[in-house]
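Written out below as structure tokens is the structure these notes cover.
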Amino acid sequence: MAVSSVGCVSRTYLWSQQERSLCALSSRSSIGSVHGLIRSPGNFNRRWISLHVRNEVSGGESTSTDNANGKKKVVVVGAGWAGLGAAHHLSKQGLDVTLLEAGPQPGGLVAGWKTPAGRSVEVGIHGFWYPYRNIFELVDELGLQPFTNWTRSAQYSPAGLEVESPIFQDLPRLPSPLGTFVYTQFLRLPLLDRLTALPLMYAVIDFDNSDAAWRKYDTRTARELFREFGCSERVYNDAFNPMLLVGLFAPGEQCSAAATIGMLYYFIIAHQADFDVVWCRGTVGEKIFKPWIETMEKRGLKFLAGKRVSDVILDEATGAVKGVACGEETFDADAVVFSTGITALQKIVANSSVLKTREEFVNTANLGGIDVLAVRLWLDRKVKIPKPSNACFGFDTTTGWTFFDLNYLHDEYRDEPGTVVEADFYHANQFLPLSDEQIVEKVQEYLAQCIPEFAKAKVLDQAVVRFQKAVTHFSPGSYQYMLNGETTFPNVFMAGDWIKTLHGSWSQEKAFVTGLEAANRALDYLNTGSPANIIPVEPDETHVQELRRLNNTAKDLLGQFGLFSNVL
């Protein structure tokens, strides 16, 4: 069912009192078959909230003084979803929290910013999927209404429209994965090819997100996985590889099979409605992060932008970290949370005399990131874009891209006389050396292959943003080098979308959840405060739970006889 124009309507995400009570009982246990979000429309009051960036400390001296009130001090490094999540709960518990961000604003690449001409720019448009239970709970808590309605999406190749996705929660619920299989409208992919993907369900059943499952499947590529289970070349090229190019941001031969199964299960397979998505009605920075930071600052959070961490200060007597250094400035700490991306952490480790003495941190040099290119075009006329969000494949062998109708998604462009469209490219390394003009010409050409009306439009303004190694690369064999939430320093904790966790979430939700987990670890170490209630992912459907039980039983029995165990 098509979604009507957003207009001034936003969505508020509410959990029932019963669901909240269940979540309060345990942040790790199953909460039953809770799968619906209660959606109620509400009017959005635009809030322009200035960001208070404190930069009062002179260089060369310690920025910390003794706390007269005896509050424990926590330094959080990195102000993306993970760092903000950690700072959010720690500040709620009354700790003295300092949040350090190397960039000029909170949010990192997710946040977005304004150009000198006052136009909004982002490094990629970020969706918020149905399973993002903790993020939806957060925006409720903050009293925000930043999201669109649930939206439909489409997929294009150079041949034109390939796939249309419905709003799955509006359709009769079928056992997983039948709803995804039946309701998705494949316009060109033959049914026989789609059926060759069914044997892959064994890998889905066998992969339970445990450490053992990650280590087992991480040694092979996604391409090898699909071949091993007999998926046809057509279904791989036209269905699975396109998902990887915009989901894990790389082609199948460069993606871990473990990460592939985990991502596909979380976003698509586990429950029928999981692929439903809403979008922020502006930049995430303005709609969510700025009011969020302001709320935390009222609780006493010290947010410091432009602070690039260079080292940590070790207490030789205890083996704990007692401070964080930003060049000549130091910040005393009773606990530290690192919540940066891989590339940023690698730079910190390379400059740190302390971190490079620990193998776990040195080994992060084996991890990688993927280049992102974001192009925003302001056109001289309205182009009818059937769906507000669209994924594309087949234009370049190793690059996936998406494009978005910002007149529909973003409040500020709703009354724009022409079309505002965003095109985001992932694994875009071959595009980054091109000039802005070359890139814009290529984007126009690609858009016109999807929707011919784009060929008639002229570009009035443009924004081209390049970011090297901007998003996590879940490459084959990378799992062994990813950090746990706890480190060999007793008071240093890790958060981010690349940190190991049993929660099962992905992307922005995973980053936020690991931030809450890091906060809980810091509180436990400091022996203070109450832990954050983390909403678990929706439990597996009953038939999936039973199949996993049977699979484990069969593997145990076969293992006792030394037989091959990878069968049901």
Side-chain angles (χ1 to χ4, degrees), residues 1-2 33 35-36 127 129-131 150-157 161-209 217 222-223 225-248 252 255 257 259-277 387 389-394 400 504 506 537-548 550-551 568:
M1 183 175 69
S33 300
H35 65 270
W129 269 261
Y130 188 91
W150 299 102
T151 63
R152 297 185 64 189
S153 60
Q155 191 175 61
Y156 291 87
S157 74
L161 181 64
E162 296 280 351
V163 182
E164 290 184 306
S165 298
I167 299 174
F168 289 96
Q169 64 194 277
D170 289 344
L171 300 170
R173 184 163 178 168
L174 301 176
S176 172
L178 289 180
T180 304
F181 185 84
V182 171
Y183 294 137
T184 302
Q185 301 166 30
F186 293 94
L187 304 184
R188 301 176 191 271
L189 184 61
L191 176 61
L192 288 178
D193 284 286
R194 283 180 270 158
L195 289 173
T196 66
L198 290 179
L200 189 66
M201 279 303 296
Y202 171 73
V204 172
I205 297 298
D206 192 45
F207 183 85
D208 60 1
N209 199 49
Y217 283 93
R223 187 69 191 95
L225 177 76
F226 293 125
R227 282 180 174 154
E228 177 183 341
F229 283 91
C231 297
S232 73
E233 287 295 308
R234 181 76 181 270
V235 79
Y236 172 76
N237 290 324
D238 290 7
F240 287 118
N241 201 43
M243 293 179 197
L244 295 178
L245 287 170
V246 298
L248 292 181
C255 291
T260 297
I261 301 170
M263 183 272 294
L264 291 177
Y265 189 69
Y266 179 72
F267 283 116
I268 299 173
I269 300 174
H271 310 96
Q272 180 176 300
D274 285 345
F275 195 62
D276 288 346
V277 62
K387 303 292 184 296
S389 63
N390 307 274
C392 305
F393 71 93
W506 276 86
V537 295
E538 183 181 345
D540 295 328
E541 294 185 3
T542 303
H543 65 286
V544 174
Q545 294 180 33
E546 182 62 18
L547 287 171
R548 283 186 168 158
L550 291 173
N551 180 53
L568 279 170

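Closest heavy-atom contact between L248 and C255: CB-SG, 3.9 Å. What you find for P166 and D276 is that their closest heavy atoms are O-OD1, 3.8 Å. In this structure, V163 and T184 approach most closely via the heavy-atom pair CG1-CG2, 3.5 Å. Closest non-hydrogen pair, S165 versus R152, comes out as O-NE, 3.2 Å. Counting all heavy atoms, side chain and backbone alike, I268 lies closest to M243 at CD1-SD, 3.6 Å. Across all their heavy atoms, Q272 and G179 have their closest contact at OE1-CA, 3.5 Å.
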Is there a salt bridge (Lys or Arg N to Asp or Glu O under 4.0 Å) between E162 and R234 once you walk through the steps? CA-CA 13 Å; E162 296 280 351; R234 181 76 181 270; 5.6 Å; no
Could you please spell out the steps behind the side-chain contact (heavy atoms from CB on, under 4.5 Å) verdict for D274 and F267? CA-CA 5 Å; D274 285 345; F267 283 116; 5.8 Å; no
Give the C-alpha distance, both sets of side-chain angles, the deciding distance and a yes or no for side-chain contact (heavy atoms from CB on, under 4.5 Å) between L244 and M263. CA-CA 9 Å; L244 295 178; M263 183 272 294; 3.9 Å; yes
Take Q155 and N390, measure what side-chain contact (heavy atoms from CB on, under 4.5 Å) needs, and give me the verdict at the end. CA-CA 5 Å; Q155 191 175 61; N390 307 274; over 6 Å; no
Trace of the side-chain contact (heavy atoms from CB on, under 4.5 Å) decision for F186 with V235: CA-CA 11 Å; F186 293 94; V235 79; over 6 Å; no
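In this structure, CZ on F229 lies 11.0 Å from CE on M201, to the nearest 0.5 angstrom. The structure places CG of N241 at 9.5 Å from OG1 of T260, a figure rounded to the nearest 0.5 Å. Taking CG of N551 as the start and CD1 of I205 as the end, the distance is 7.5 Å to the nearest 0.5 Å.
When only modelled atom types and interatomic distance are considered, Y265 and N209 share no side-chain donor-acceptor pair under 3.5 Å. Side-chain atoms of S176 and E541 form no donor-acceptor pair, as typed in the model, at a separation below 3.5 Å. For the residue pair Q545 and D540, no side-chain donor N or O sits within less than 3.5 Å of a side-chain acceptor on the partner.
Between W129 and F275, the ring planes lie tilted relative to each other; the angle falls in the 30° to 60° range. The aromatic rings of Y217 and F207 sit perpendicular, their planes meeting at an angle over 60°, well past the 30° parallel limit.
Between the side chain of R548 and the backbone N or O of V204, at least one donor-acceptor pair lies under 3.5 Å. Using modelled atom types, one side-chain atom of N237 and one backbone atom of E233 make a donor-acceptor pair closer than 3.5 Å.
Both tests do not hold together for R173 against Y183: distance to the six-membered ring centre under 6.0 Å, angle to the ring axis within 45°.
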